[in-house]
Amino acid sequence: MSLNRRHFIGASAAVSASLAAPRVLGQGRPRVVVIGGGSGGATAARYIAKDSDGAIDVTLIEPQRTYYTCYFSNLYIGGFQDYDDLGHSYARLASDYGINVVHDTATGVDRDAKTVTTASGETFPYDKLVLSPGIDFVDGAVPGWSLAAQDAMPHAYKGGTQAALLKAQIEAMPEGGLYAMVAPPNPYRCPPGPYERVSMVAHLLTQVNPTAKILIVDPKENFSKQALFEEGWQKHYSGMISRIGPDFGGDIVEVNPAEMTVSIDGVVETVDACNVIPAQKAGRIAEIAGVTDGRWAPVEPTAMRSTMDENVHVLGDASQQGDMPKSGFSANSQAKVAAMAIRGELTGSRVFPARYSNTCWSLIATDDGVKVGANYEPTDEKIASTGSFISQTGEDAALRRQTYEESLGWYAGITADMFG
Amino acid sequence: MSPAVRPAAVAAALGALLLGSGGAHAADPVGDVDRGEEIWQECSACHQIGAEATDWVGPHLNGLFGRRAAAHDGFAYSDGLTRMGADGLVWTFETLDAYIESPLAFASDTRMAYPGLEDAQERADLLAFLRTYSASPQDIPEAPRTANPTDHGLDPAILALQGDPEYGEYLSSECTTCHQADGSAQGIPSITQWPEDAFVIAMHAYKRKLRPHPVMQMIAGRLNDEEIAALAAYFATLE
């Protein structure tokens with residue numbers, strides 16, 4: 001923590017804080033601690049700090065100094081993005097918005113004392129806590145695979161170096177070799193993500209190893225944008241990709257990272273590169289905080305408040321909110337609703353009705369982009385979809401190219417919205 | 001960090017521009033004015049030209065040829081074009097040709113949300129049309145303006161609504177996931193500093209599915225008249 005910055009901001013914010021008549025009185029500026037600096041956490045921290053004009057003391061706890069987006073990591077694998085372009089600094093959140101950015105790992109939450117402790121032993125008190133920890137993998141979800149095996153069989157599903165490792169392994173495959181993906185069961189982060197990845201792996205292989213094959217082992221009967229992907233695979237990568245669904249044992253899978261084999265319903269295949277995306281659960285700090293029920297953290301739909309603690313909001317992939325897919329766009333959308341509600345409670349600012357939205361773009365091949373999206377609103381039980389759209393099969397090339405270019409615009413937009 | 005335009009692309013575009021002026025074809029505007037007028041229909045969504053043309057989403061384009069870039073008073077140009085104008089960029093056949101071919105490669109923060117016109121002949125046609133309004137600024141044809149913007153028959157009461165900018169600021173957070181708050185456009189159009197009427201007309205056109213774009217139809221579809229007015233009021237002044 002930087003005491004100097006805290007004092008400086010505290011002094012400059014005193015006037016606006018008193019004008020805003022904070023409801024939390026007698027303890028200086030109200031404090032918000034945000035755990036996790038991704039699409040949910042960075043957005044929430046930035047909007048709370050920006051819109052409260054310094055009236056709220058915001059601390060963002062995130063272990064990584066540079067955030068690498070998980071979205072667009074597939075485009076990096078396909079050769080459409082540079083790795084470095086996926087990295088984003090937290091510098092402006094500190095310098096331009098006065099957020100106390102702490103590069104440390106949150107290891108404990110005491111909801112009675114309203115404090116967060118970190119790996120380095122620091123304690124951060126809060127009035128409101130925002131948990132946006134993303135995902136962790138369910139232990140034993142794919143027999144034979146564990147985090148210890150992630151170098152041999154990368155998941156590449158959290159952004160960062162895993163994507164680089166997977167790409168290197170694909171490029172090193174022998175001529176005509178086999179890439180296998182073990183796809184995850186629902187619900188998981190980025191529903192079209194595994195299938196966009198297959199498209200990008202196919203694009204890469206078409207260039208460096210055109211006789212190679214791709215095998216998807218999938219526990220799900222159907223998947224997101226299935227008709228669009230299957231049409232694209234037929235058009236661009238005919239004969240390269242096959243998928244084994246649950247009707248042929250895609251749900252009975254076991255891997256051996258030492259031998260580089262995948263067993264599908266007892267039939268053993270030797271693979272040259274293997275991407276295991278296991279079943280997922282809320283990032284571990286949500287479980288430590290005691291706000292999970294099963295794998296995810298249930299929240300009420302009007303402001304992403306934990307159903308177990310009114311002073312805790314859970315955003316993004318870790319939350320269980322209803323109909324919204326687990327995506328960076330969703331987390332960003334949810335963060336703005338939660339930020340407004342938190343500001344309203346802490347400073348008395350206006351609170352407007354919640355509205356959420358999501359759009360997910362996927363790239364199938366060069367200039368062949370597709371998208372799916374929906375609007376959402378809170379009902380009594382959950383966040384419910386109120387309207388949706390999806391790209392159509394057979395769209396012309398100009399539209400697909402425009403959709404891809406739009407996705408580049410979205411990436412620039414959302415990262416500016418998160419990091420300032 | 002943004003993936004849109006790399007310095008190399010800009011350098012390549014500018015290089016092509018500088019080198020291209022020596023080529024016989026690039027400097028020879030043999031465009032067809034009538035075909036240029038057809039292409040102009042796409043431009044007229046944002047620009048006006050002719051006797052009564054005024055600034056709209058984009059600046060009016062009377063007297064464009066020979067004008068210094070971003071030099072037309074009263075229009076809020078992007079920082080990039082303003083800087084290029086200050087550095088001496090003058091709109092000529094060659095410079096306009098390079099800009100229209102790929103606006104983002106030419107001026108990376110331009111607010112002109114137009115992907116570019118690839119076909120060199122189409123660009124020549126369009127520029128031939130534009131030049132008829134420029135040859136001599138006082139010699140503007142007395143015909144009705146060709147860029148008559150449509151309001152799609154929108155109820156004047158809707159256009160008259162005064163938006164609540166504070167509500168608009170909250171609602172805008174749904175827009176800024178894609179449309180950048182600083183007005184830069186990279187594959188997704190800029191929506192800052194539009195005339196409020198233009199913003200309201202565009203959003204109602206999406207809401208009524210007169211304009212085609214599934215995301216915008218969905219987003220506009222659940223905004224009511226007051227909410228659209230609030231967004232228009234907020235974005236109109238966002239710098």
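The shown structure was predicted, so the numbers you read here are calculated from the model rather than taken from an experiment. Just so it is clear: chains get the letters A, B, ... in the order the sequence lines come, proteins before strands, and each one is counted from 1.
- Both the backbone and the side chain of B:Glu166 have a heavy atom closer than 4.5 Å to some heavy atom of chain A.
- Contact of A:Tyr356 with chain B is made through the backbone alone, with heavy-atom distances under 4.5 Å.
- From A:Lys336, atom NZ reaches atom OG of B:Ser172 across 8.0 Å, with rounding to the nearest 0.5 Å.
- Side chains of A:Met340 and B:Tyr170 form a contact here, defined as non-hydrogen atoms less than 4.5 Å apart.
- Within the 4.5 angstrom heavy-atom criterion, only side-chain atoms of A:Thr359, from C-beta onward, approach chain B.
- Of the listed residues B:Leu171, B:Val215, B:Asp182, the one with more heavy-atom pairs under 4.5 angstrom with chain A than any other is B:Val215.
- Note: A:Ala374 leads A:Ala339, A:Ala374, A:Ser333 in heavy-atom pairs under 4.5 Å with chain B.
- Heavy atoms closer than 4.5 Å to chain B are found in the backbone of A:Ser388, but not in its side chain.
- Only the side chain of A:Asn332 comes within contact range of chain B, with heavy atoms under 4.5 Å apart.
- What you find for A:Gly413 and B:Gln180 is that their closest heavy atoms are CA-CG, 3.8 Å.
- When each of B:Ile219, B:Ile188, B:Thr177, B:Thr176 is scored by its heavy-atom pairs under 4.5 Å with chain A, the top score falls to B:Thr177.
- Contact annotation: the side chain of B:Pro214 approaches that of A:Lys371 to within less than 4.5 Å [non-hydrogen atoms, C-beta and beyond].
- B:Glu42 CD: 12 or fewer foreign heavy atoms inside a 6.0 Å radius.
- Residue A:Arg343 does not touch chain B at all, counting heavy-atom pairs closer than 4.5 Å.
- One finds the NE2 atom of B:His213 at 8.0 Å from the CG atom of A:Leu399 (value rounded to the nearest 0.5 Å).
- Considering CH2 of A:Trp361 and SG of B:Cys178, their distance stands at 4.0 Å, rounded to 0.5 Å.
- A:Arg350 CZ to B:Glu169 CD: the interatomic distance, rounded to the nearest 0.5 Å, is 10.5 Å.
- Taking every heavy atom of both residues into account, A:Asn375 and B:Met218 meet most closely at ND2-O, 2.8 Å.
- Side chains of B:Leu104 and A:Glu405 form no contact here, defined as non-hydrogen atoms less than 4.5 Å apart.
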